[in-house]
Amino acid sequence: MIPINKPQIDENEREEILKVLDEGILTSASNLGGKRVQDFEKLLANFLHIKHAVAVNSGTAALHASILAAGIKQEDEILIPSFTFVATANSVACTGAKPVFVDIEKDTYTINPLDLKNKVTKRTRAIIPVHLYGHPAKMDEILEFARKYSLLVIEDACQSLGSSYDGKQTGTLGEMGCFSMYASKVLTSGEGGAITTNSDEFAEKLRMIRNHGMVGGYDTRIIGFNMRLPEISAAIAKTQMKKIQSMLHKRTINAKRLKELLTAKIANHDIVLPQENPRVKYNWYLYTVAFNTLRNRVKKLLNDNGIGATIYYDPPVHQTPYYSKFHNGDLKITEWASRSVLSLPVHPSLTEDDINLIANKVEEAIKS
Ligand SMILES: Cc1ncc(COP(=O)(O)O)c(C=O)c1O
């Protein structure tokens with residue numbers, strides 16, 4: 001079986017977890033978090049070249065905390081793509097704000113800057129671009145639009161740790177960036193997340209929000225929750241940070257190899273490969289291709305051969321029962337993508353034979 005993603009766990013994570021158990025301090029309710037939480041935050045902030053990283057216990061919590069820190073209130077509107085994991089929309093909706101769905105671009109599967117102006121209203125307060133599959137959204141146009149309408153930009157970088165746009169890491173371009181360390185992500189702690197920001201004010205609020213709005217003892221200043229990352233998870237995350245470059249490098253090599261094989265075998269057939277451009281660097285969280293007609297046939301043949309090719313996301317959020325009550329306007333490319341995409345594995349554990357097998361089976365399905 002070739003899974004779509006696989007956590008890269010070795011002796012180093014095991015040792016670090018055992019140290020936490022031996023020391024017996026499993027979490028910390030102090031404002032700054034436990035020892036390993038702080039170590040992880042420093043490593044992440046250094047890697048991203050950003051002032052603050054605030055660790056939390058999921059990517060969803062990272063999004064939720066950022067929306068609270070931004071002071072977004074009931075009836076405020078936030079522009080988000082519908083072509084994303086539902087956590088993006090849930091984090092907005094659970095604050096009482098309204099998610100307003102914006103269409104995506106066909107070449108990146110990320111929010112279409114041109115559609116923002118069709119969806120912005122007097123109530124709009126923020127935009128959450130999602131760097132889906134590790135493909136950076138068109139941040140220069142998004143930031144320019146945000147400036148023009150005085151909107152905050154909170155990046156959903158849950159899938160894009162290590163991707164960059166014009167040389168800057170995703171998650172560092174807007175006011176806040178949100179990362180996930182869920183088990184399938186390029187860097188994992190099992191469950192976990194982090195928010196990054198250059199703002200001292202947001203960082204201070206985020207540290208309170210992850211700890212019930214308290215600053216010390218029970219001195220509760222703002223609304224918050226228990227979003228604390230446990231020390232065992234932080235121990236894993238911290239250890240993973242030390243090998244992030246090599247994990248990303250292996251993904252790049254695998255994606256390059258897969259691209260070469262697919263280009264040589266089936267480029268003129270019904271398949272759209274990821275569109276790379278010199279302004280962006282992908283972390284290759286997933287290698288997502290699209291088919292106008294053959295998607296389900298390719299998926300079945302790959303799955304039948306033990307390859308975990310997976311569809312992210314069908315249906316798109318606006319077509320799920322809860323979110324279909326929101327008025328969405330035209331989301332044509334979102335609906336096309338949802339019918340067409342298929343993600344292929346390129347994670348660091350894959351061998352050259354695995355990559356060859358994936359390409360051969362895609363070719364077999366297309367040509368059969
Ligand atoms: C785009 C996106 N947003 C948000 C999340 C939520 O992250 P988590 O699963 O860590 O809560 C995920 C991860 O699954 C994601 O892929």
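In listed order, ligands and their atoms are each counted from 1.
- Distances between N or O atoms of Gly59 and those of ligand 1 include at least one value under 3.5 Å.
- Checked against a 3.5 angstrom limit, the closest N/O atoms of Glu191 and ligand 1 fall outside it.
- Rounding to the nearest 0.5 angstrom, the gap separating the CG atom in Asn12 from the NZ atom in Lys238 is 11.0 Å.
- For ligand 1, the polar-atom distance check against Ser180 finds a nitrogen or oxygen pair separated by under 3.5 Å.
- Between Phe225 and His64, the ring center distance clears the sub-6.0 Å criterion.
- Applying the 6.0 Å contact sphere to CD of Glu144 captures no more than 12 heavy atoms from other residues, nucleotides or ligands.
- Using modelled atom types, one side-chain atom of Glu155 and one backbone atom of Thr172 make a donor-acceptor pair closer than 3.5 Å.
- The contact set between ligand 1 and Leu63, taken as ligand atoms under 4.0 Å from a residue heavy atom, comprises 4 (C).
- With hydrogens left out, the protein atom closest to atom 4 (C) of ligand 1 is Cys158 SG, 3.5 Å, a heavy atom.
- Taking the charged nitrogens against the carboxylate oxygens, Asp103 and Lys332 have no contact shorter than 4.0 Å, which rules out a salt bridge.
- Looking at ligand 1, you won't find any N or O of Thr84 less than 3.5 Å from one of its N or O atoms.
- Below 4.0 Å from some heavy atom of Ala87 lie the following atoms of ligand 1, by number and element: 4 (C), 5 (C), 6 (C).
- Residues Tyr109 and Tyr133 place their aromatic rings such that the two centres sit under 6.0 Å apart.
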